[in-house]
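Let me begin by presenting the structure, written as C-alpha cells, before commenting on it.
Note: hydrogens, waters and symmetry copies are ignored here, and every other heavy atom, side chains too, is used.
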Amino acid sequence: MTESNFLSKVFLWMFIGLMVTFSTGVLVSGNAQALEFVFSTGGLWILIIAELITVFVLSARIHKMTPIGARFGFILYSFLSGLTFSSVFIAFKVGSIITVFLITAIIMLIFSILGARTKIDLSKLGTYLTMMLIGVIIASIINIFVSNGTFNLVLCIISTVIFIGYIAYDIQKIKYLYMQNPNNENLAVLGALELYLDFINIFLNLLSIFGENNN
C-alpha cells in the first residue's frame, strides 16, 4: 500500500467516524426518551466514562488489537460521542451547524496537506501544543466557576488554534509511523481517531464562536 493510499484510508475512516457521530446525534436529538436517558445525571456520567475508557484503550492498545477490534472500537467511540453530540442539534440551528462543519472541513483539508507535504519536523510542535492545551483545560475549569463570557470566547479561539496545529502535527506523525511499519493495518484507524478528535474539537469551538442558537 502506497503512502497516498494509506492516507486515503485514514481520511475514509475519519469520515466514517464523523458520519456515525453526526447521524447518531441527529437521531437522538429527535427522540425524547433517548434524550432523557443521555442527559439524566446517571446516563451522562455513564456515557462520559464509557467514552474516556474507549478512547484511552484505543490509543494505548490499538497496536495490539486485531484490525476488526480496532475498527469496532473506533466506531463504538464515534457512536458514544454521537449520543452526547445530540445536544449540538438542540442548541444550534441546522444551517449554522452545516456552515461550521464545512468551514472545519476546509481547515482540515488545508492543514492536512500542509502536514503531509512540509519538510519541517513538527515533532517538537506536539509538546508545545500539549502544554497549551493543558493550560486551556485548567482555565476552562476555572471559568466554570467564574462564568465569564469574554474569557470563554478567548479560550475557544485559543483552543481552535491549538487543534488546527494538531492537524498538521498528527498527519506528519501518522505518516512517519506508516513509513516505519507499513504493514500495520491499525495505523489507519489510529490516524483516523486522532484527526477525528481534531475535527470535533475545532468544530465545537467554531460553533461556540459563530454558531446561531436555537432560542
Side-chain angles (χ1 to χ4, degrees), residues 10-59 70-109 133 136-137 140-141 143-145 147-149 151-153 155-160 162-164 166-167 189 192-215:
V10 170
F11 281 102
L12 174 62
W13 277 107
M14 182 196 75
F15 178 77
I16 291 172
L18 289 172
M19 290 303 99
V20 169
T21 296
F22 277 78
S23 299
T24 303
V26 170
L27 291 173
V28 172
S29 67
N31 188 309
Q33 290 181 326
L35 283 172
E36 185 177 350
F37 166 74
V38 170
F39 295 103
S40 65
T41 303
L44 187 58
W45 276 109
I46 290 171
L47 287 175
I48 290 172
I49 292 171
E51 281 184 62
L52 290 174
I53 291 174
T54 305
V55 76
F56 283 139
V57 169
L58 267 176
S59 300
R71 292 164 187 170
F72 173 78
F74 178 58
I75 295 300
L76 174 62
Y77 178 72
S78 302
F79 169 73
L80 291 172
S81 296
L83 294 176
T84 53
F85 209 74
S86 56
S87 62
V88 167
F89 296 95
I90 297 172
F92 296 94
K93 293 185 177 180
V94 174
S96 183
I97 293 172
I98 293 172
T99 300
V100 173
F101 182 91
L102 292 175
I103 293 172
T104 307
I106 292 170
I107 291 172
M108 174 66 72
L109 176 63
L133 182 58
V136 168
I137 292 171
S140 298
I141 293 172
N143 199 43
I144 291 174
F145 303 99
S147 297
N148 186 301
F151 188 42
N152 184 65
L153 176 62
L155 289 176
C156 286
I157 293 171
I158 295 173
S159 182
T160 301
I162 290 171
F163 282 102
I164 287 174
Y166 265 123
I167 295 173
V189 178
L193 174 64
E194 293 181 344
L195 293 178
Y196 168 95
L197 293 172
D198 296 338
F199 188 102
I200 290 294
N201 279 284
I202 292 170
F203 172 82
L204 291 175
N205 281 302
L206 290 179
L207 198 60
S208 295
I209 297 170
F210 301 110
E212 192 174 352
N213 293 327
N214 260 329
N215 324 11

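- With contacts defined as side-chain heavy-atom distances shorter than 4.5 Å, the pair F79/T21 does not qualify.
- Side chain of S59 to main chain of F56: no donor-acceptor pair is present (N/O by atom type, distance under 3.5 Å, no hydrogens or angles).
- Separation of atoms OG (S140) and CD1 (I158) is listed at 9.5 Å; rounding is to 0.5 Å.
- Shortest non-hydrogen contact noted between T24 and G82 is CG2-C, 3.7 Å.
- The main-chain N or O of N143 is never found under 3.5 Å from a side-chain atom of N148 such that the two would form a donor-acceptor pair.
- Side-chain atoms of I157 and T160, non-hydrogen and from C-beta on, never get closer than 4.5 Å to each other.
- Interatomic distance, NZ of K93 versus OG1 of T99, reported as 12.0 Å (0.5 Å rounding).
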Checklist line | side chain to side chain contact (heavy atoms under 4.5 Å, CB included) between V28 and F85, intermediate numbers included | finding: CA-CA 9 Å; V28 172; F85 209 74; over 6 Å; no
*Dump the intermediate steps for side chain to side chain contact (heavy atoms under 4.5 Å, CB included) on I107 and T104, then the final yes or no.*
CA-CA 5 Å; I107 291 172; T104 307; 5.5 Å; no
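- Minimum heavy-atom separation, G211 to S96: CA-OG, 3.1 Å.
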Decide side chain to side chain contact (heavy atoms under 4.5 Å, CB included) for F22 and I200; before the verdict, give the C-alpha distance in whole Å, the side-chain angles of both, and the deciding distance to 0.1 Å. CA-CA 10 Å; F22 277 78; I200 290 294; 4.3 Å; yes
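- Going from atom CD1 of I97 over to atom CD of E212 covers 11.0 Å, rounded to the nearest 0.5 Å.
- Interatomic distance, I75 CD1 to T54 OG1, rounded to the nearest 0.5 Å: 12.5 Å.
- More than 12 heavy-atom neighbours from other residues, nucleotides or ligands sit within 6.0 angstrom of CZ on F89.
- Here the side chain of T84 pairs a donor or acceptor atom with the backbone of S81 at under 3.5 angstrom.
- Between V189 and Y196, every side-chain heavy-atom pair lies at or beyond the 4.5 Å cut-off.
- Residue M108 comes nearest to L195 through the heavy atom pair CE-O, 3.4 Å, listed as atom of the first residue, atom of the second, then distance.
- Centroid-to-centroid, the aromatic rings of F101 and F199 come within less than 6.0 Å.
- Here the CG atom belonging to L83 is positioned 10.0 Å from the CG atom belonging to L35, to the nearest 0.5 angstrom.
- In terms of heavy-atom proximity, S208 sits nearest to C156 at CB-SG, 3.8 Å.
- The distance between the ring centers of Y166 and F163 falls below 6.0 angstrom.
- The two residues F74 and M14 come nearest to each other via the heavy atoms CZ-CA, 4.3 Å.
- Considering only heavy atoms from C-beta on, L193 stays 4.5 Å or farther from W13 through its side chain.
- Here the closest non-hydrogen pair linking S159 and N205 is OG-ND2, 3.0 Å.
- Rounded to the nearest 0.5 Å, atoms CD1 (I202) and CD1 (I162) are 11.0 Å apart.
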